[in-house]
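Reading through the structure tokens given below for one structure.
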Number of protein chains: 2
Amino acid sequence: MATRRLTQKDIARLAGVSQATVSFVLNGSPENANRIPAETRERVQKVIRETGYVADPVARRMVKGLNRILGVFTYEPAFPSAQADFFTPFLLGIEEAAQELGYDLLLLTGAGVKRRIFGENVRLRLSDGCIILGRQFDRDELTRLVAGDFPFVAVGRRDDAGGPVPYVGGGYAVATATLVDRVKAMGHRRIAYVGLNAGAESTVDRWIGFQPALGNAELVYTQFAVAQPPGETLDAILAARATCVFFTELADAIAVDAIARHRGISVPGDLSIVVLGNHIRAEEHGRRFTSFSIPREAMGRAATEMLVRRVENDAPVEQVLLDCAIVEGDTLGPLSTQHIRNT
Amino acid sequence: MATRRLTQKDIARLAGVSQATVSFVLNGSPENANRIPAETRERVQKVIRETGYVADPVARRMVKGLNRILGVFTYEPAFPSAQADFFTPFLLGIEEAAQELGYDLLLLTGAGVKRRIFGENVRLRLSDGCIILGRQFDRDELTRLVAGDFPFVAVGRRDDAGGPVPYVGGGYAVATATLVDRVKAMGHRRIAYVGLNAGAESTVDRWIGFQPALGNAELVYTQFAVAQPPGETLDAILAARATCVFFTELADAIAVDAIARHRGISVPGDLSIVVLGNHIRAEEHGRRFTSFSIPREAMGRAATEMLVRRVENDAPVEQVLLDCAIVEGDTLGPLSTQHIRNT
DNA sequence: CAACACTGCTAATGCGTATAAGCGCTAATG
DNA sequence: CATTAGCGCTTATACGCATTAGCAGTGTTG
């Protein structure tokens, strides 16, 4: 246990050469490699093989600057089961891409309660660059990151923070607009929207896609708050004689759908439901909501590849939105005759 | 972008002191801290605050030897969805413990197809120690780890490999024996065992707990192979007039249970089923099998804490088995009168 | 035969930090 | 008044490696 780690000096001593020679044998550049004859090289390599020596990556990094390590920072802990379904697909994509590109991942656990990038001990800097994951972004930290020289890529679109933020996001606005078009094609003209319309970029994007796509349809009810009993929400939707309701949160949709079913209100017969994004596996709740899917794994991959481009080639800031596939589901139907009669 | 990172030298210049003074201000040990008057300290800290300087963890590690980073090595990729349910609970425990102890996690992605600890560039060594996760262990690498001076802890019991292996495992043998006792207390005397009884330690442990606990019960059928159609397995179990069957693999149990149900054979009325370990959430398949639960999260936590003890205090090798709680389930019932008649 | 190039190495340096050792100064002590 | 004991710093060194510069010896050229 007390046996100190082997160093190049040890190898050099055992092989009867200098430390520099060992270093050359290990990573001889084309010009310098051939300056060491095969015989000496063999002798050194024999010692390396026998001792199982490997260069200390820390010292290596000291002089080379790069580590082939990518940091992954999450503002929320990544693995707790409540979050796991959300984070795992991202991490899967990140891990796969990192492996292909020959990078390891440094998972930053965030010291103490407050997770911060710029904390006391920014061990983050050990990595060559970092991916930032999570819904809650600290504005100030983002600004500092943009201003600084540390390469990073955000997963999820981010507004400018003293400069453009490199990101890989989901095309929520486009997908939302597509769903609105589909709803209108089904004949719906009286529409409700339940969910936030401000705050995080991902939330805003949905609203931005939604609003202009409405066209000649009428937004008869909006509920931008969240904490309301689902029964009341349903009452309000029906009172406004909406025939189709958009939810930003799957959980809200599930709750309202359950109440509707309980009251004998048919979905989509009497009321169509559309969810803007699908965070959880379909199997967990019986319903397949009409919605769009977030390409989380692909986002992880793309972000990783973008980060490596920035690290290795000092590539310029890129901003990418990946397409979200429409999930047909079975909660959106054509306007019923009863609806038409009521109008 | 071209702005080089700040170093202590820069801070020193700006504050009009020496580099060493900056270092003292940053991490003054009790004896040395008070050697620097508040005024100077303030001046230096002001510059640090204004510039946002943070010490390079690499250089820090160079001199301190430790990095507050724990490596996590998995022989199989951790996040692919097939594996995710298996690995996630471990990672959850590891992440929580690491966070509490102030460590970050270095996830080793394994270069290329073959995942190896001792590869070309053992990036692992950047961490202070490592946790090894996964069912498939490379014997040779384990031996080298045991022989070496790099601190590690295995998750899952491991046989000696040229010396005792530090691990946190599950008490499968004890839990299995408990289940056997319970089965016997229900009156069962004709028992079947389906699953491997050799190979990985976790498999062997189940068999080791099973065999001696049988006592006066009779092992009327064993199937140590795996790849057999579930129908044939069921036929063989029934032909042997077993009244209770133990499975090591949940998947096998699910398959046989499904066939039995399809054929109108009642579980546990006609045949009791016990599963030795529960790998997947109960909700995913309808049945709650009588089994034991593997405390994966606790294992991750314990392994992390053990590793930190080894890293920080050079603690001796520990080998711990955590209790597996018995899952009552509804696939184990008392011997039916029909069974008794048949005997 | 002097000048020079090439071979096969070694010595020296720097990366950014922590820390032991030391140095000039003032105040307290004998 | 000589000595010592803090005080408030600075200087110097080491960590393990990559890399540049250079040096001794041999051959090659003009």
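In what follows, chains are A, B, ... by sequence order, proteins preceding strands, each numbered from 1.
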Between [options], which nucleotide gets closest to the side-chain atoms of [X]?
X	options	value
A:T21	C:dC9, C:dA18, C:dA12	C:dC9
B:K64	C:dT19, C:dA11, C:dG16	C:dT19
B:M62	D:dT19, D:dT10, C:dG16	C:dG16

Is any side-chain N of the basic residue among A:R301 and A:E297 closer than 4.0 Å to the acidic one's carboxylate O? no
State plainly whether the residues B:R158 and B:D160 are in salt-bridge range, i.e. N to O under 4.0 Å.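 No, this pair does not count.
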Between the main-chain N or O of [Y] and the side-chain N or O of [X], is there a donor-acceptor pair closer than 3.5 Å?
X	Y	value
A:Q319	A:V165	yes
B:D128	B:R68	yes
A:N313	A:A315	no

Euclidean distance, atom [atom1] of residue [X] to atom [atom2] of [N] [Å, nearest integer]:
X	N	atom1	atom2	result
A:R61	D:dC15	CZ	C1'	16 Å
A:Q8	D:dT19	CD	P	11 Å
A:I11	D:dC17	CD1	C1'	13 Å
B:Q19	C:dA20	CD	C1'	13 Å
A:E39	C:dT7	CD	P	17 Å
A:E42	C:dG8	CD	C1'	17 Å
B:K9	C:dG16	NZ	P	7 Å
B:F24	C:dG16	CZ	P	20 Å

Assign B:V17 to base, sugar-phosphate, or nothing according to its heavy-atom contacts below 4.0 angstrom with the strands shown. sugar-phosphate
Of A:A20 and A:V63, whose closest DNA chain C nucleotide lies nearer the 5' terminus? A:A20
Please list, chain by chain and in numerical order, all residues satisfying side chain to side chain contact (heavy atoms under 4.5 Å, CB included) with B:R13, sequence neighbours excluded. B:D10
Can you sort out the partners of A:V17 under side chain to side chain contact (heavy atoms under 4.5 Å, CB included), two or more places apart, ordered by chain and number? A:A12, A:A15, A:T21, A:V22, A:T40, A:R43, A:V44
What distance separates B:R41 CZ from B:L26 CG, expressed to the nearest 0.5 Å? 11.0 Å
Which residue, A:S23 or B:A59, contacts DNA chain D at a nucleotide closer to its 5' end, judged by nearest heavy atom?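 On the 5' side of the pair lies B:A59.
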Here's a test of your reading of the structure: between A:V22 and B:S18, which maps to the more 5' nucleotide of DNA chain D?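 Looking at the nearest nucleotide for each, B:S18 comes out on the 5' side.
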So what is the end-to-end bend of the helix from C:dC1-D:dG30 to C:dG30-D:dC1, with 5 pairs used at each end and the value given to 10 degrees? 70°
Looking at [X], does any N or O in its side chain come under 4.0 Å of the phosphate oxygens OP1/OP2 on [N]?
X	N	answer
B:T7	C:dG16	no
A:Y53	D:dG16	no
B:T40	D:dC9	yes
B:R60	C:dA18	yes

